[in-house]
Each structure stands twice: as structure tokens, then as C-alpha cells.
Enquirer: 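The following block contains the structure, expressed as C-alpha cells.
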Number of protein chains: 2
Amino acid sequence: METTHRTEQQRSADQRRRELLEAADRVVLRDGPQASMNAIAAEAGITKPILYRHFGDKGGLYRALATRHTDALLANLRSALDAPADRRRRVEATLDTYLAAIEARPQVYRFLMHPSEETGGGQQPEHGFDTGRHSAPVLRRMGEELARVIAERVDLGPDSEVLARVWGHGIVGMMHAAGDWWLGERPCTRAELVRGLADLLWGRLERVDDRVDSPGF
Amino acid sequence: METTHRTEQQRSADQRRRELLEAADRVVLRDGPQASMNAIAAEAGITKPILYRHFGDKGGLYRALATRHTDALLANLRSALDAPADRRRRVEATLDTYLAAIEARPQVYRFLMHPSEETGGGQQPEHGFDTGRHSAPVLRRMGEELARVIAERVDLGPDSEVLARVWGHGIVGMMHAAGDWWLGERPCTRAELVRGLADLLWGRLERVDDRVDSPGF
DNA sequence: GACTGCGGTTACCGCAAGTAACATGCAGGG
DNA sequence: CCCTGCATGTTACTTGCGGTAACCGCAGTC
């Protein structure tokens, strides 16, 4: 019975954890990333210490939530990136998938991109110079993923390892910043944005003509 | 005498404000963005309520600080963008200027990119769906600036207004994300990173060959 | 029937943002 | 000379949140 008991307990604990995450999700969706632990606990119908038993601290809960959403988003992007079509089409499909995701659930997007709080897991002693860790993990993961795909699929010559990662993170950052701006101002349709970004990646910057009345860009 | 008195008061108040900002700068540089108002007040040799009289709330102080640094950075970027050289050289110079800045003062960089806290200035009633405002203002300003330069100097055909802004924000995002990753992992020299990003913008993505053993990217 | 493990709660600590109310120093005006 | 006005500064408080300690009750087990 010991084993049965254990697994049953385990299953129940995991299920509980999932329920708590669902509740937290609802609250974050409603109140934004500054949702308090009290509010989340209340939504789940329990009290704070239980949350802490499950997730350690607020950062832990947020990381668990973020991981779920990030995994889902990455799965979507992967499938767009793996679709059977020519390269340009796939790039456009991937951009569109990302933009559609942030358009559909902006609160989730905002939560994922929020690096805030997170004293950082005990870097109290160091107290400074821990730069480069403030960007949202989802961006890092997307960048690495894209780097892998680039390195796998195209031939960049010598230094392709590093170059692929530069491009991966750069492209992801481009997509992110443009998407964020677009979501705030809505200056054009999604398709137009996709087209513009794909054009940028496709070297139109090189081929574009100078204006006759300017020193060139 | 009224006027003399007023202006004198004003000048003194402005000077005081500058001193307070200097102090805040030192503390943020030392403690990171989570520097407390108490700590800043102490550094300035005074107490909290004075800070609140000058800046309203923490967000106000942070905004004032951020504006100072952002202005300085933008001035540097502008001069790189205006240097007399061909387009590729100027793009590389601008990238290098940005990367050199974040390399030289990573704490400042981290502070500027930190959108955190900031309940947002009275959007309590709206309570949600205010997406697109979480990105650091410095990125938005850089994006708009670059958009202006692009729109001024090159001919993008119809829809050049919107397209220039798409590109501006996209390129800035690329620079930011790549820089952030680079600063954290230091996988190559600054010059190599600049080269890689400039190559990406220069259309190498289009011309690069597929690997023989892959379905292409 | 006492023992133990687990899900749960109340009640607290520490700390930071923000504020109210009080003190002090210094113009000018009767 | 004293009183008023006003800016500057302080102490001492409130509120709210992250995080924790200590206690509660109820399975099941020997």
C-alpha cells in the first residue's frame, strides 16, 4: 500500500498544483503581473502559506506560470517554423504566429515579458553587476531556439555557431520590439507588419534607394 | 522684489532637484533599480518626504532619472548616425555606440530597461488591457528616433511612414535583445557582434545558402 | 488510544511606499 | 519688535505585501 499511497498522494499533489496554477492564471490575467499572493490564494479558495508550500516564493509561482505559457508559445512557433513551405513563407508564418499570440492574449504577453521583482534567488551578497539577466526568459528561450534552427538549417560559414545565436536573438528581439509597439499603437494590420518585418530581414535595407535630397542612411 | 525672490527660489529648487537626482543616481548605480526611497534620501542627506515633495512618487523620481540617461544616450546615438560616412559604416557605428554604452555602464542600462513597478499613473480604474506600455521608454524613444531618420533619409515607396516606424522599432529591438544576450554571456567580441548584426540587416539572411542536409530555413 | 503525516489556518514579522502633523529658519509689513 | 507667511525639514504614523512560525484537525496505523 505504501507505493499506491505515495503515487496517489503524488498525483493529488500535482493535480493540486495544477489547480493552483489555473487560479493564479486567472488572477494574473485579471490583475496583471502585480497580482498579490493573497489575491491568488483567495481565488484558489485557500490561504497564502499553501502557495508558499507549493512554489517556495512568489518568483517560483511566477516562474511556473511563465514556463507553462512559454512552452505553449514555443510549441506553436516550432510548428510554424517546421511547416512545409519555402523559407520566406515560413519566416512570415512564424512572425504571424507570434503576433497573433500576443494579440489574442495581451495580458499573458505582458506577464511573460515582465522581468520585474525577482531579487534573483539569493544574489543578495553580490549586490550588483549581474547584468544581462533582466530580459524575460521567454525571449532568451525563443532566441536560443531560433539560433538552433538557423544553425541546423543554413550554412553560415566559419563562426556559424556564434553567428547563428547573434541572429537568433537579434531576430527575436526585432519581432518582440516591433510587436510591442504595434500592440500599443495599432498603426497597421498584422499582415502589413509581418510583411514589413519580413522585408527588413530580406535585405531591403541594403537595396533601398537614398532619397535624392538627403545624405543617405 | 517679488520676481527676484521667485526666480532665486526657483533656481535654488532646480539646483536642489539636480542634487537629489545625482544622489539617486549614485544609489541606483550601487543598489540597482530596487533601491529604496529611504536609501536615496539618506544618500542625499535628507529624509523621504522631501523626495516626495520634489518628485511626487517613486515613479516620478525614476522617470526623471531615466529621462536624463536616455537623453544622453540618444545624443550619442544621433551623433553616430549623423557621422560623415557611407550607410553601412554609420549603421555599424551606431550599433557600436549603443553596445559600448551598455558595456560601459551595465547598471545604468539595467535600470533604464527595467519597466517594473509603476502601477502606471492612475490607471487603477481601467484595471486591465493596457498592454503595450510595459516596454522601457528608452526603447520606444530610440525606435521613434530611428524611424524618423529612416523616413527622412531613404525612399521606401508607398506607406513609407508606417514602414519606417516598423523598421525603426524592429531594428532597435534587434539591437537591444542581441546586446542584452551578449552582455550576459559574452560569447564574442563587441566588433564581432556589430559585424554579425550589420550582416543580418544587410540581407545576408536572404542570400545565405541552405545546408545540403536540411530542408532549408 | 496515543502517534504521525499532511492539508489547512491564524497571527505575526519586516520592510518599503506614501502621508500627516509638527518644527524651524527666514523674508517682509504693521 | 513682533507677528505672519512660507518654504524646508523632521518624526512618527498608516497601509499593504512578501514571507514565516506556530498551531489545528483529521486521516490512517500500530
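All values reported here derive from a predicted model rather than from experimental measurement. Sequence lines set the chain letters: A, B, ... in the order given, protein chains first and strands last, and positions in each chain run from 1.
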Enquirer: Could you state the CD-C1' distance from B:Glu19 to D:dT8, rounded to the nearest angstrom?
Expert: 14 Å
Enquirer: Are any of the side-chain nitrogens in B:Arg110 or B:Asp180 under 4.0 Å away from the carboxylate oxygens of its partner?
Expert: no
Enquirer: Given atom CG of A:Asn38 and atom P of C:dT10, what is their separation to the nearest angstrom?
Expert: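 After rounding, the gap between these two atoms is 11 Å.
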Enquirer: So that I can tick it off, tell me whether A:Glu145 and A:Arg148 are bridged by a salt bridge, with the cut-off set at under 4.0 angstrom between side-chain N and carboxylate O.
Expert: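 So A:Arg148 pairs with A:Glu145 through a salt bridge.
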Enquirer: I need the B:Leu197 CG to B:Met175 CE distance, nearest 0.5 Å.
Expert: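 B:Leu197 CG to B:Met175 CE: 9.5 Å, rounded to 0.5 Å.
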Enquirer: Would you kindly give the CG-to-P distance between A:Leu61 and D:dC17, to the nearest whole Å?
Expert: 16 Å
Enquirer: Taking everything shown except A:Glu161 itself, do over 12 heavy atoms lie less than 6.0 Å from its CD?
Expert: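 Open: at most 12 neighbouring heavy atoms sit under 6.0 Å from CD of A:Glu161.
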Enquirer: Which whole-number value in Å describes the distance from B:Asp57 CG to D:dT15 C1'?
Expert: 16 Å
Enquirer: One thing to verify: whether B:Arg89 and B:Glu92 come together as a salt bridge, which I'm taking to mean a side-chain N less than 4.0 angstrom from a carboxylate O.
Expert: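 B:Arg89 and B:Glu92: not salt-bridged.
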Enquirer: Which residues in residues 47-54 of chain A have at least one heavy atom lying under 4.0 Å from any atom of DNA chain C?
Expert: A:Thr47, A:Pro49, A:Ile50, A:Arg53
Enquirer: Any side-chain N or O of A:Arg16 under 4.0 Å from OP1/OP2 of C:dG8?
Expert: yes
Enquirer: Roughly how many Å is it from CE in B:Met37 to P in C:dT19, rounded to a whole number?
Expert: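 The answer, rounded to whole Å, is 10 Å.
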Enquirer: Provide, to the nearest angstrom, the distance between the CD1 atom belonging to B:Ile40 and the C1' atom belonging to C:dA16.
Expert: 12 Å
Enquirer: How about CZ on B:Arg195, more than 12 heavy atoms from neighbouring residues, nucleotides or ligands closer than 6.0 Å, or not?
Expert: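 Check fails, neighbour count at 12 or below.
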Enquirer: Taking CG from B:Leu20 and P from D:dT8, how many angstroms apart are they, rounded to a whole number?
Expert: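 Result: 11 Å.
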Enquirer: Take the protein atom CD1 of A:Ile46 and the nucleotide atom C1' of C:dG7, then report the distance between them rounded to whole Å.
Expert: 10 Å
